[in-house]
Amino acid sequence: MRHQRTKTCGECRLSHVGERVVLNGWIQAVRDHGGLMFIDLRDRYGFTQVVADPTQHAQLAEVGPECVIAVVGTVRARPAEARNANRSTGDIEVAALEIEVLNTTKVPPFEVTDECRTREELRLEHRYIDMRRRPVLAAMELRSRLNFLIRQSMVGQGFMEVETPVLMKTSPEGARDFLVPSRVHPGLAYGLPQSPQLFKQTLMVCGIDKYFQICKCFRDEDLRADRQPEFTQLDMEMSFVRQEDVFAVMEKLMTGVWSELAGSTVTAPFPRMTWDASMTHFGSDKPETRFGLELFDFAERARVSPFKVFSQTMTAPQGTVRGMVVPGGAALPRRVIDESEAVAKSYGMGGLAWVKLGAEGPQGPLSKFLGPEDLAALKSFGANQGDLVVFTAGRFEPALNALGQVRLHYGRELKLIDTKQTHFVWITDFPMFEWNEDEKRFEAKHHMFTAPTEALPPVGGDLSHLKASLYDLVLNGNEIGSGSIRIHQPEVQAQVFAHVGLTPEQAQDKFGWFLRVLEYGAPPHGGIALGIDRIAMILAGATSLRDVIAFPKSASGVCPLTQSPSAPDERQWRELHLRPEA
RNA sequence: GGGGACGUGGCGCAAUUGGUUAGCGCGUCGGCUUGUCACGCCGAAGGUUGCGGGUUCGAGUCCCGUCGUCCUCGCCA
């Protein structure tokens with residue numbers, strides 16, 4: 001490179017007119033008028049129009065879009081009628097004195113334009129071209145600013161950033177671990193962290209008091225639009241705190257982030273809602289609270305209903321019948337109702353019971369089962385003439401969850417969600433355990449290190465009603481963080497291990513080291529982890545995590561750019577004492 | 001592991017009920033062009049319709065299988 005830039009492509013203004021400058025960048029577009037040529041030069045900072053006489057610069061014959069050039073030239077004001085108000089540099093142009101071709105390019109597989117509508121697979125395969133596009137670049141910048149604001153806020157609030165190992169001990173509970181086989185120790189493996197949970201708790205015992213880290217976490221499970229195998233968390237933990245202290249730190253962080261990056265004011269404290277209330281009213285543990293359509297409990301009437309699905313469900317274990325009023329829904333076409341039934345079915349329901357309260361009385365499959373007392377009950381739940389009422393029947397969580405999804409379906413279908421609003425809400429008092437039907441045992445709802453809010457019953461007892469100091473931060477119906485007050489007493493920790501079916505030997509083998517940590521003066525502590533990718537996605541207005549990750553993986557976990565995972569060679573397998581299945 | 005959608009020149013799309021030589025726009029290449037900024041005008045090249053098999057006189061179109069991508073249930077915090 002003979003000519004190194006003295007200005008970026010977003011820098012020159014009328015105040016620079018007359019200056020001799022050097023620009024480096026990519027050719028965005030060439031407009032060749034024969035005796036006069038316009039070149040839009042682009043870098044991260046902007047675009048500058050270069051004007052050249054092709055007869056003076058023979059190299060111009062060999063360059064096209066995405067070639068990299070250096071331009072030596074003079075800044076001059078554009079003629080008044082040729083100014084471009086759409087660009088910050090639109091009042092000036094650089095008249096080329098010399099042009100140096102720094103690199104040519106193959107014909108790009110797609111054009112570098114804002115509204116590029118090529119398929120995502122191709123964009124990710126050529127991410128180095130895709131990221132030159134302004135929307136992608138903007139998402140990366142947003143993320144960078146988010147990370148900076150997080151560090152600024154956390155350090156400002158007295159937290160210390162500590163790095164924890166990525167090669168760590170594999171753990172049996174929760175998501176599947178990515179394994180890293182050991183070369184030195186045949187048959188042994190590290191696990192990549194699902195989160196630095198035990199290390200951050202250990203840091204509390206170390207006396208760090210306030211810890212945070214922006215760290216990569218890994219989970220070897222199937223992917224979704226909002227789930228990648230590796231993702232980034234803001235991980236934090238504090239000593240001598242109750243959950244309100246954790247909330248306050250996060251509220252200060254998030255209100256600051258929102259005012260900086262979303263340009264909107266979010267006020268703290270955020271509303272709090274118990275898990276029971278969230279499930280009961282919204283059919284979800286991550287409620288979208290920007291519209292109504294709250295659910296109601298139809299148990300009383302369902303119990304005595306002639307409709308067998310209702311009455312039989314009420315006699316089954318954990319059986320419940322829940323309903324939801326769709327105001328004005330009696331006018332909805334059958335197609336919309338059928339679609340909502342499909343939603344309920346996809347979430348495990350046999351169907352969706354519904355009734356339209358029309359002018360001539362109840363209509364629909366359920367109407368013949370509804371007596372005057374049922375209709376009075378519906379009225380008490382807010383149903384009026386002209387409304388649609390839908391119901392699910394089943395076990396508590398599936399029935400509520402399915403109806404919650406139906407609620408979201410109607411919220412979107414009827415455009416009830418005010419997307420201009422930002423609703424943070426804390427969900428608190430989660431159940432400590434949940435029953436795993438496949439394995440016939442209780443397992444931790446969050447993880448095994450969450451503190452119960454009351455004394456644990458003897459092993460073998462019913463754990464289904466136990467609550468924990470466990471909380472989620474929910475934003476516009478997205479779970480963006482999850483945390484808890486932790487167990488800091490080794491006896492309690494040992495009890496929890498026993499409750500989830502770990503023998504003392506297994507507990508010792510997997511977590512003995514951590515039980516010992518707790519035995520040496522562990523302070524009461526708690527914390528939370530926020531999903532930075534998801535927060536960035538919401539701030540960017542994106543619908544996929546891939547839009548805010550520089551080099552994301554496809555739904556099957558493949559990196560489109562590098563084609564990982566790939567086959568290690570024979571020697572690599574051998575060194576790890578492994579052999580692939582043929 | 002299950003369900004759904006998609007796969008056609010480099011890119012985005014079209015092709016009626018299975019029927020002629022698979023079209024259009026962008027890009028690319030060549031020519032013209034001194035005030036454009038999605039420059040314009042003229043011309044040209046570019047296709048094993050993801051892959052494999054089948055049905056048929058005939059398949060981009062129908063059937064079976066397979067691969068890939070996306071969405072999703074399960075799974076996962």
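The structure displayed is predicted, hence computed values, not measured ones. Every heavy atom of this structure was used, including side-chain atoms; hydrogens, water molecules and symmetry mates were not.
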With rounding to the closest Å, how many angstrom separate the [atom1] atoms on [N] and [M]?
N	M	atom1	result
C29(B)	G9(B)	C1'	15 Å
A5(B)	C42(B)	C1'	42 Å
G23(B)	C41(B)	P	23 Å
U48(B)	G60(B)	P	13 Å
U69(B)	C26(B)	P	32 Å
C70(B)	C13(B)	P	16 Å
C63(B)	G18(B)	P	10 Å
G27(B)	A38(B)	C1'	12 Å

Could you tell me the separation between the [atom1] atom of [X] and the [atom2] atom of [N], rounded to a whole number of Å?
X	N	atom1	atom2	value
Glu81(A)	G35(B)	CD	P	10 Å
Leu122(A)	G9(B)	CG	P	12 Å
Lys106(A)	C11(B)	NZ	C1'	15 Å
Gln228(A)	U69(B)	CD	P	13 Å
Glu121(A)	G10(B)	CD	P	15 Å

Base of G50(B), side chain of Arg119(A) - is there a donor-acceptor contact under 3.5 Å?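 Absent.
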Pair [X], [Y]: side-chain N/O donor-acceptor within cut-off below 3.5 Å:
X	Y	result
Thr55(A)	Asp53(A)	yes
Ser564(A)	Ser566(A)	no
Gln228(A)	Asp533(A)	no

Picking from Ile69(A), Ile39(A), Ile27(A), Asp40(A), what satisfies side-chain contact (heavy atoms from CB on, under 4.5 Å) with Val50(A)?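 The residue from Ile69(A), Ile39(A), Ile27(A), Asp40(A) that satisfies side-chain contact (heavy atoms from CB on, under 4.5 Å) with Val50(A) turns out to be Ile39(A).
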Salt bridge or not between [X] and [Y]? Use side-chain N to carboxylate O under 4.0 Å.
X	Y	value
Asp338(A)	Arg335(A)	no
Arg272(A)	Glu251(A)	yes
Glu230(A)	Arg219(A)	no
Asp235(A)	Lys200(A)	yes
Asp276(A)	Lys467(A)	yes
Arg42(A)	Glu66(A)	yes

Salt bridge (Lys or Arg N to Asp or Glu O under 4.0 Å) partners of residues 68-82 of chain A, not counting sequence neighbours, each pair once: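 Residue pairs passing salt bridge (Lys or Arg N to Asp or Glu O under 4.0 Å), neighbours aside: Arg76(A)-Glu93(A).
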At a cut-off of 3.5 Å, list every protein nitrogen or oxygen paired with a nitrogen or oxygen from nucleotides 23-28 of chain B, distance to 0.1 Å.
| residue | atom | partner | partner atom | Å |
| --- | --- | --- | --- | --- |
| C26(B) | O2' | Glu111(A) | OE2 | 2.7 |

Could you list the residues that satisfy ring pair (Phe, Tyr, Trp, His ring centres under 6.0 Å) with [X], not counting sequence neighbours?
X	result
Tyr347(A)	none
Phe514(A)	Phe449(A)
His423(A)	none
Phe247(A)	Trp426(A), Tyr471(A)

Partners meeting side chain to side chain donor-acceptor pair (under 3.5 Å) with Glu413(A) (sequence neighbours left out):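 Partners of Glu413(A) by the side chain to side chain donor-acceptor pair (under 3.5 Å) criterion come out as none, since no residue qualifies.
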Once you measure the plane-to-plane angle for Phe110(A) and His126(A), does it fall in the parallel (<30°), tilted (30-60°) or perpendicular (>60°) bin?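 Taking His126(A) first and then Phe110(A), their aromatic rings stand perpendicular (interplane angle over 60°).
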Restricting to nitrogen or oxygen on both sides, can you table the protein-nucleotides 43-45 of chain B pairs closer than 3.5 Å?
none

Give the B/S/- string for nucleotides 70-77 of chain B, one per nucleotide from 5' to 3', where a protein heavy atom under 4.0 Å of the base yields B, of only the sugar-phosphate yields S, and otherwise -. SSSBBBBB
Generate the contact string for nucleotides 2-7 of chain B. Rules: B means base contact, S means sugar-phosphate contact only, - means no protein heavy atom under 4.0 Å. ------
May I ask which nucleotide in the shown strands pairs with [N], Watson-Crick or G-U wobble, both distances under 3.5 Å?
N	result
C57(B)	G19(B)
U48(B)	none
G7(B)	C67(B)
C37(B)	none

Once you apply a heavy-atom cut-off of 4.0 Å, does Pro79(A) come out as touching a base, just sugar-phosphate, or nothing?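 Contact class for Pro79(A): base.
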With a non-hydrogen cut-off below 4.0 angstrom, is Arg42(A) in contact with a base, only sugar-phosphate, or nothing?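 The answer is nothing, as Arg42(A) stays clear of every strand by at least 4.0 Å.
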Please compare Phe110(A) and Gln49(A) by the position of their nearest nucleotide in RNA chain B and report the one closer to 5'.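 Between the two, 5'-proximity favours Phe110(A).
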Look for any protein N or O under 3.5 Å of an N or O in nucleotides 38-40 of chain B and output each such pair with its distance, or none.
| residue | atom | partner | partner atom | Å |
| --- | --- | --- | --- | --- |
| C39(B) | OP2 | Arg31(A) | NH1 | 3.2 |
| C39(B) | N4 | Asp32(A) | O | 2.3 |

Side-chain atoms of residues 537-548 of chain A: list all donor-acceptor pairs with protein atoms under 3.5 Å, sequence neighbours left out, distances to 0.1 Å.
| residue | atom | partner | partner atom | Å |
| --- | --- | --- | --- | --- |
| Ser544(A) | OG | Arg546(A) | N | 3.1 |
| Arg546(A) | NE | Glu120(A) | OE1 | 3.1 |
| Arg546(A) | NE | Glu120(A) | OE2 | 2.8 |
| Arg546(A) | NH2 | Glu120(A) | OE1 | 3.2 |

